Each structure stands twice: as structure tokens, then as C-alpha cells.
Amino acid sequence: MRRPTLLGAFGVVVLLGAGCGIPAVSDVRVDGKGGAATGAGVVNGGVSEPPTRTASGSVNEAFVRNFLSAAAGEPDRAYERVKAFIAPEHKHRLQEKKGSEVALNVVRLREAVYTLNSDSTTTVKITVQQIGVLRANGTLAPPVATDTEYEFGLRSAALNGGANDERAGLYILDPPNVLLLSDVALRQYYQTESIYFWSSDRSRLVPDQRYRPQALPDERRVNEVVKWLVGGPSDWLRPGVVGLPDRTELINNATGGNGRWEVNLDMSGDDQNGIDQLITQIAWSLGDLPGKLELKIRNNALPVQDLNERRDSEELYPNAVGPQRFGVYEGAIHPLDFGGELSGAVPLAPEANRNIVSADLALAREQRVLAAMVVTGSSSGRRRLAVGTGTAPVSVISRSTTEYSSMSRPVWLRAVDARPGRGLVVADGQLYRFDEAAKMYPVPLNLPSDVTAVAAALDGQRVALIVGGRLYVAAVNSDGGGVSIGPPRELATSLTSLTAVDWGREDQLVVAGSARQPAIYEISVDGALETPLRTDLGAKVNHLTAYPTNRSVRMPSGAYMYEANGVAYRSSPFERIEPGSVRGIAPVPAGVRPSNPSAPFFLY
């Protein structure tokens, strides 16, 4: 017999907090491949298919968890898999959609309440956060639904309450008329993929995150990736990149195996440079897939390309050096020395290295230094932007004509060519772009709240923003010499009251906010996947910086530094940044308390 969850009309509440099972002081990074529930299919040692209806027996909580996983997989069978969980008499209540209209509402489960009814059914009420809509093309679009609760019923699948009801399992009654997928299932049954589009000025490749079902056979991966490229970029990224030429279509399916892949496109134009860029785009979009690519344009075969060789010859990003740590100590930038790490010299002349509050130093082509600094103004509490560029040590500094009461850490928009440097900074709640002469120009965002932080991706074509304590991403269009920001997309996260952000990887952000107490999370660029990094900070983070790892440079991931309550810290290993790690400072006299290092950052 099925054991009731609770007696009478009372309910049991299951709370699902973010980061369950992650120690509060963990510096461990999770790769997103969690264990599967009983009954899931397995391919190549990984989870492929979600559990069947009967896999959980009559355990309410496990059954609901599996129900929120059932839609995972190839879109054309999503309704079939979900309807297998629904009682036969209620299947018609879930209205089916076909083809590209199939979309999954991805939700973050907050709470589940189970109430046993007098007729032996159970009422389930789940509280959720809407994360986004997973489309058939692998993109996670912003959420459409606004529901924060769903209610449905459970009943035994056994006939007449027979003794074999444990094996018969349960059924859903009165199902929601949408396909629901939990963020846990998204992490388990999908592989995150980065495909790439050329920037608006065609100078570099820009990643676009997609989700590929684990159940998709390897031999179909090339076909799916090429279909994604033909379909164009995600909506939020579109203002900063260009898709394939209009009316490009895939002729038949991409085919291949045993290390050789054939792609046939109906594509206008015979521009050899454009075709060469397309080959690079496909090679990087196929991840680490080895082998040969035979590209055909309207059935005309091009020379066969080795995918690994193409990736090796066409790097993704302009810089390929490891990071050096720096910080501010008593108004000047100093190197931070840690055992086993590269430590360099400050690329500023002494007369330029003073009155500094925070900074961003970057290396451009031919070891040209880009220095942007927030410096103290003419009166207490006022701030100005200072900018200097050139070969080290940089000595000529330009300053903004206006002073502000608050300024964020400035960030450079990295370029792959020798064009003048451009960056972004927040001053008094407004986003500005700046040039090498420290001239500042307002950047409109059409958002109702003040901007408090900005971070730029290594590709220079995407930014993350904190606006009104919420997290946004937006595309950058730098074509024509200017800088414009596309419509920002808000990301759903379980963190609240966000204060700082930076890019930790090309598809991941490092974000500081509150998870009932100050915390730092790693959050995917679409907001769907979260991993707690630190949840015991004790004080609000006012400064955060990370080293963005990428596929061109295989550096250890997870390096970030932050400041909270006037004290700076680093990760991997997690420890306070003490004055003893600051190079080039005078010894502190006995009995005098040394200053704290502040505003740490990476130079790369």
C-alpha cells in the first residue's frame, strides 16, 4: 500500500534552497553534471534520458522531481514524455504544440507542499521562480510566464487500489497547461554548448550559449550546430553580432562519422574571405570535436579542413597570457605576490600612480598598456576618471573634466586590432563610455533604476550590468567607431540585492549579492545555472574582479578577488589579502596598524 505523506488534510512542506549540498565555505566549482534519478538512460557514461513515470514508485517528492524532468530531451518527443506522467483522463488538458513551437518553461523550484486529501489523492503546490523558455533551437529566452505557483494532483496508478500500487507508481491530475522543466533537470540532461557569431565589425568571434540534449546522438551534433548557426544568434546578442547571409539554408542534413563531417549550404555570395570566416566559425562552434570538415556551398566542395588545425590557427581572443594580480595600497597600485603565481611590475610611472581608488589595466596589441583609474577629486568624497595608454611605464594621464560622488571600477572593451581603446564606467548611477583622453559619453539603457556596476567580457562584445540590484547582460556594437549597448536582458537569479559582477568564463558570471546573507555565486550568462562559490562572507561585497578563462588559453578556472567591509580576499585558496602580499611598500613601524590592501584586480 502507498504510505500517505501526512495524515488528514495537513501538508508537508519541502524547502529547496539554492546550493543545497555545497558547503558554506566551498571554493569548489561544479561542472553541472549531477547524478541522475533512477531509471534514466545512459549514453557514453552520461545521463541521457530522464526517468520514466514508474521509476520513483509511490514516493511523492521523487515523482514530482521526475515529472519536472520529463520534458528534457529532444523537443519532438517532449509532450509524449510528459503525458506519460499524466492520468489518462486528464491528458487532454495539456495542449500540444509542434515543431519549433515546442518550448519548455524552465523554473527554479523554491518550495513544494503536499496535502493528502480524503479521497486518497494528494494536492501538490509548488512555488517557483521563472528562469526562461528553452526553445527548440537550444536558446534559453527570457521567461514569458509570470506564474510563481502551480497546483496539481497526484493519484495512484494502481487499479482499485491494488496491492501492487508501489510498482504502478503515480499519475498527475489537473496538470499545468505548460511544459515545465526544473533547473536541476536542465543541468542533468543537457550539455551547454557555445556556438559563435562574428562581431558586428567582423573582427572577432562572440559566444552564444545553447543547450544540447544529452540524448542527442554524437553523429547528429554537427547537424544541430550548423542548424543553430543558420538560425542566427540569440535575440539579446543580435545587436552586437552578424548572422550568416540572408536565406542561407542547410541542404539536406550534415552527415559524417569516423572523424569526417560533410556540410552542404545554400548560401549567397562567393566572397572567399566570408567563406573562410564561416569555416572558422563552424570549427569553434563544434567545441573540441576532432576530425575533418568538408564544406560545400551549393554542392561545390571546398578544400577539406582539419578542425583542430583551424582552431589552433585562429585564436578566439586577443590576449593569451596568464593573469597578474594587483591591488591598491594607500592610493597607489602595487603587485600582489602569491607563491607559484606570475607577478609583474606596475606599468605606470610613479607620477601617474597616485591618488588611486580603483583601476583596470589591460594589455592590448604589441604590449600596449591601457590604464583606466578612478582617482580622488578636488574635495573629499569626489571622484574623477584618469586614463593613460602606451608602452610601459605609462606616464601621460588624462582626467575627466567632471567629478562625481561615486564611480565604479572602469573596464576596457578589448579589441583585436590597433584601434584606440574604449571602456565603460558607472558614475552617479549612469553608464558612460570613455576614450583614451578620458572623455566620457552617456550610454542610454532605458532602464528605470540606477546602474551600479558594469563588467565586460573578454570578447569585448558583451557586458554584464547591475541595475537596481538586478543582473542584466547586453550586447555591445562597436561598428563605425562608436559604442552602443543593445537592449539589456534581465537574468533570473536566486540572489537578491546584487552589488558586483564580473566575467569568470565566456559563459559564466561571478556575482555578489545576498542569499539570506552576503554571498558570491557563479551564474550562467542566461541565468539558468547557479553554483554557490562563497556563502559566508559576513559583509556586503563592494568590489569584485575575476580572471575570465577561455578556450584559447587553458588556465585554471575559478580565480576571483573581492573586497568587503574594507578587507580584500582572494579565492583558490580562499584567504585574506594581507599587507605582507603587497610588493614594494615600506615596512610599517612597530605599534602602527598597517593599511588594508583594496580594490584588487587582474592584469592580462
Side-chain angles (χ1 to χ4, degrees), residues 18 30-34 50 68-76 78 82 97 99-109 128-147 178-197 206-216 224-225 227-229 231-241 243 285 287 457 462-465 470-475 486-495 503-509 511 521-531:
V30 180
D31 66 4
K33 305 299 182 293
L68 295 177
S69 302
E74 297 194 66
D76 58 352
V82 172
K97 297 180 180 180
S100 62
E101 294 183 348
V102 176
L104 315 184
N105 282 35
V106 181
V107 296
R108 183 169 289 119
L109 189 59
V128 301
Q129 179 186 29
Q130 298 284 349
I131 296 177
V133 177
L134 183 61
R135 295 174 176 167
N137 65 358
T139 61
L140 188 72
V144 175
T146 58
D147 303 272
V178 291
L179 294 179
L180 296 177
L181 183 75
S182 71
D183 61 327
V184 175
L186 181 69
R187 189 185 289 267
Q188 283 187 325
Y189 303 114
Y190 291 83
Q191 175 66 46
T192 57
E193 301 274 6
S194 286
I195 63 172
Y196 294 85
F197 293 91
V206 183
D208 188 9
Q209 181 155 306
R210 301 297 170 100
Y211 292 90
R212 176 172 57 88
Q214 298 269 17
L216 191 73
E224 288 300 300
V225 166
K227 283 170 57 179
W228 290 344
L229 293 174
S234 298
D235 292 340
W236 76 271
L237 192 61
R238 196 174 299 272
V241 299
S285 296
R462 301 172 298 156
V463 295
L465 302 152
R470 298 174 179 270
L471 180 61
Y472 294 82
V473 291
R489 172 185 171 177
E490 183 177 354
L491 304 186
T493 170
S494 58
L495 286 177
W503 293 80
R505 288 187 281 172
E506 67 174 15
D507 59 350
Q508 299 282 340
L509 302 167
V511 185
Y521 277 29
E522 184 182 67
I523 299 174
S524 61
V525 72
D526 53 20
L529 306 178
E530 294 185 338
T531 301

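It should be emphasised that the depicted structure is a prediction, and the values quoted were computed from it without experimental measurement. All residue numbers in this chain count up from 1 along the given sequence.
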Considering all heavy atoms, the nearest Ser524-Leu491 contact: O-CD1, 3.9 Å

Closest non-hydrogen atom pair between Gly73 and Pro213, with its separation: O-CG, 3.5 Å

Point-to-point distance, once rounded to the nearest 0.5 Å, from CG of Leu104 to CG of Leu181: 5.5 Å

Exam field: side chain Gln209 to backbone Thr192, donor-acceptor pair closer than 3.5 Å: no

Over all atoms of both residues, closest heavy-atom pair of Gly243 and Phe197: CA-CD2, 4.1 Å

Separation between CH2 of Trp503 and CD of Gln508, rounded to the nearest 0.5 Å: 10.0 Å

Euclidean distance, Asn137 CG relative to Lys227 NZ, rounded to 0.5 Å: 9.5 Å

Any donor-acceptor N or O pair under 3.5 Å, side chains Glu530, Thr493: yes

Arg505 and Glu522 ion-paired at < 4.0 Å: yes

Atom pair CD/OH of Gln214 and Tyr190 - distance to nearest 0.5 Å: 10.0 Å

Main-chain N/O of Val206 paired to Arg462 side chain as donor or acceptor, under 3.5 Å: no

Sub-4.5 Å side-chain heavy-atom contact between Thr139 and Arg210: yes

Residue pair Pro50 / Ser69: nearest heavy atoms and the distance that separates them: CB-O, 3.3 Å

Nearest-0.5 Å distance, OH of residue Tyr521 to OG1 of residue Thr531: 9.5 Å

Flag side-chain contact, heavy atom, 4.5 Å: Leu216 against Glu224: yes

Point-to-point distance, once rounded to the nearest 0.5 Å, from CG of Asp208 to CZ of Arg238: 9.0 Å

Pairwise side-chain contact, Asp147 with Val178, heavy-atom cut-off 4.5 Å (strictly under): no

Arg489 atom CZ, over 12 foreign heavy atoms within 6.0 Å: yes

Which atom of Pro207 lies closest to which atom of Leu237, heavy atoms considered: O-CD2, 3.5 Å

Check: Ala185 main-chain N/O paired with Ser182 side-chain donor or acceptor under 3.5 Å: yes

Arg212, CZ: over 12 other non-hydrogen atoms inside 6.0 angstrom: yes

Single hit among Leu134, Val102, Val133 for side-chain contact (heavy atoms from CB on, under 4.5 Å) with Leu179: Val102

Residue pair Leu180 / Val128, side-chain heavy-atom distance below 4.5 Å: no

For Arg108 against Gly527, the heavy-atom pair lying closest together: NH2-O, 3.2 Å

